[in-house]
Amino acid sequence: MRSEVREGSGSEELTLAEVGTLAGRVLDEVERAIVGKRGALELVLLGILGDGHVLIEDFPGLAKTLIARSFAQVLRLDFKRIQFTPDLMPSDVTGSAIFSPRSSEFEFRAGPIFTNLLLADEINRAPAKTQAALLEAMQERQVTVDGVPHRLRPPFTVLATQNPIEYEGTYPLPEAQLDRFLLRMDVGYPTREQEWEVLERRLAHRSDDMTLEPRADASDLLAMREAVERVHVDPAVGRYMVDLVTATRQSPRVQVGASPRGSLALLKLARSRAALQRRDFVVPEDVKAVAVPALAHRLTLRPELWVQRVRGEDVVRECLDSVPTPRAD
């Protein structure tokens with residue numbers, strides 16, 4: 001696949017300029033299926049490039065599932081979908097040991113989590129034991145069945161969808177699991193013109209299904225991740241990330257602020273954004289662009305603020321306004 005995308009590149013490592021070009025082609029192709037949501041698609045790709053997991057939280061019918069399927073097609077990744085329900089068992093996700101009459105032994109049958117891109121659909125409908133099994137896979141990149149660990153092959157990314165907790169039959173995710181998502185984002189309703197474009201495309205295709213062309217594959221994605229690791233972070237910009245996270249802990253609106261995992265999320269996402277911009281260094285604007293999706297879901301607000309409808313996003317924006325931005329040299 002890489003030879004189709006970058007002629008003559010062979011197995012050489014990608015430059016950051018090539019990462020930006022390849023990422024642009026991926027986004028352009030995904031946009032054939034998702035209308036008018038370039039910003040949301042960029043955030044999903046930043047999460048994938050940052051070797052993290054993405055939580056998409058929004059109302060039903062806003063193309064959350066379609067986004068996951070589209071990225072799997074365009075990146076040519078092995079893709080599986082799990083519909084989370086209250087009766088879903090951990091073995092339905094991880095797999096289980098099954099007795100084989102032929103060998104008279106128990107053999108492990110891998111579950112759907114053994115894939116490159118896993119769509120965890122309506123993740124906030126699953127019981128606690130199933131969430132715990134998924135949490136191990138997200139953090140440790142392995143699952144344990146009957147005391148035996150089984151490694152997940154890279155790349156491995158969870159794209160989870162979640163409906164707002166006001167909907168019947170949904171439950172808030174544990175804070176520990178929310179913290180494992182590199183970022184949380186929403187999609188939002190389309191504008192009037194964007195929604196009409198959706199209808200126009202449906203009329204033109206005469207089918208609900210759309211086939212997208214692959215623009216990369218798993219080896220390209222791993223090479224892009226390696227290239228992102230070469231993006232330079234100036235100490236002043238790195239301290240700016242730390243100061244933002246510290247500000248969330250000191251906010252009077254917050255009961256529990258972002259952990260050091262939030263600082264690492266800022267680092268990963270800011271470097272990925274710089275690579276998408278074809279830069280080999282991070283600027284403060286990269287940090288500001290990813291701060292809300294990287295940090296808001298990691299905050300536990302004071303209970304009385306629920307009545308005032310204050311959200312984690314509001315607190316992070318206040319921190320962005322209060323923390324001094326480092327000057328460019």
Measure the [atom1]-[atom2] distance between [X] and [Y] for me, rounded to the nearest 0.5 Å.
| X | Y | atom1 | atom2 | value |
| --- | --- | --- | --- | --- |
| Leu14 | Arg230 | CG | CZ | 7.5 Å |
| Glu193 | Glu200 | CD | CD | 8.5 Å |
| Arg225 | Leu222 | CZ | CG | 6.5 Å |
| Phe79 | Thr115 | CZ | OG1 | 8.0 Å |
| Met224 | Leu75 | CE | CG | 7.5 Å |
| Arg69 | Lys64 | CZ | NZ | 13.5 Å |

Identify the heavy atoms of [X] and [Y] that sit nearest to each other, and give their distance.
| X | Y | result |
| --- | --- | --- |
| Leu266 | Ala291 | CD2-CA, 3.7 Å |
| Asp78 | Arg153 | OD2-NH2, 3.3 Å |
| Gln194 | Gly36 | NE2-O, 3.3 Å |
| Val245 | Gly262 | CG2-C, 4.1 Å |
| Pro112 | Asp92 | CD-O, 3.2 Å |

Answer yes or no: is there an ion pair linking [X] with [Y], defined by an N-O contact shorter than 4.0 Å?
| X | Y | value |
| --- | --- | --- |
| Lys37 | Asp186 | no |
| Arg38 | Glu42 | yes |
| Arg253 | Glu318 | yes |

**Report entry** Evaluation steps, side chain to side chain contact (heavy atoms under 4.5 Å, CB included), between Val231 and Asp280
**Finding:** CA-CA 5 Å; Val231 175; Asp280 62 356; 5.7 Å; no
Query raised in the report: Is it true that the NZ or CZ of Arg184 lies under 6.0 Å from the centre of Phe181's six-membered ring and within 45 degrees of the ring axis?
Result: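 The answer is no, since Arg184 fails at least one limit relative to Phe181.
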Give a yes or no on whether the backbone of [Y] and the side-chain of [X] come within a donor-acceptor separation of less than 3.5 Å.
| X | Y | result |
| --- | --- | --- |
| Asn124 | Gln162 | no |
| His232 | Val282 | no |
| Thr144 | Gly147 | no |
| Asp121 | Gln83 | no |
| His297 | Gly312 | no |
| Glu29 | Val74 | no |
| Asp286 | Val283 | yes |
| Ser251 | Thr248 | no |
| Arg141 | Met138 | yes |
| Thr15 | Glu18 | yes |

Query raised in the report: Which of parallel (below 30°), tilted (30 to 60°) and perpendicular (above 60°) describes Tyr189 and Phe59?
Result: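 The rings of Tyr189 and Phe59 lie parallel, inter-plane angle below 30°.
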Side chain proximity check, [X] to [Y], heavy atoms < 4.5 angstrom:
| X | Y | answer |
| --- | --- | --- |
| Leu119 | Ile82 | no |
| Leu159 | Leu117 | yes |
| Asp234 | Phe281 | no |
| Asn116 | Phe156 | no |
| Leu27 | Glu31 | no |

Query raised in the report: Honestly curious: do Leu43 and Leu66 fall in one hydrophobic cluster under the side-chain, below-4.5 Å linking rule?
Result: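 Result: yes, single cluster for both.
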Query - His150 ring center near Phe108 ring center (under 6.0 Å) - result: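 Under 6.0 Å, so yes.
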Report task. Would you check if there is a donor-acceptor pair between the side chains of Arg180 and Gln139 at a distance under 3.5 Å? Result ->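 Present: a donor and an acceptor within the cut-off.
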Query - Passing option when Glu122 is tested against Thr85, Thr161, Thr65, Asn163 for side chain to side chain donor-acceptor pair (under 3.5 Å) - result: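 When side chain to side chain donor-acceptor pair (under 3.5 Å) is applied between Glu122 and each of Thr85, Thr161, Thr65, Asn163, only Asn163 qualifies.
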Query - Derivation and outcome, salt bridge (Lys or Arg N to Asp or Glu O under 4.0 Å), residues Glu285 and Arg273 - result: CA-CA 10 Å; Glu285 286 68 26; Arg273 186 177 187 273; over 6 Å; no
Requested in this report: Under the side chain to side chain contact (heavy atoms under 4.5 Å, CB included) rule, what do Leu49 and Leu221 come out as? Steps first, then yes or no, please.
Outcome: CA-CA 7 Å; Leu49 289 180; Leu221 175 56; 3.9 Å; yes
Query - Derivation and outcome, side chain to side chain contact (heavy atoms under 4.5 Å, CB included), residues Arg25 and Glu213 - result: CA-CA 10 Å; Arg25 291 175 180 173; Glu213 296 298 324; over 6 Å; no
Report task. For Leu134 and Ile123, run side chain to side chain contact (heavy atoms under 4.5 Å, CB included): C-alpha distance rounded to whole Å, both residues' side-chain angles, the deciding distance at 0.1 Å, then the answer. Result -> CA-CA 10 Å; Leu134 181 62; Ile123 189 174; 3.5 Å; yes
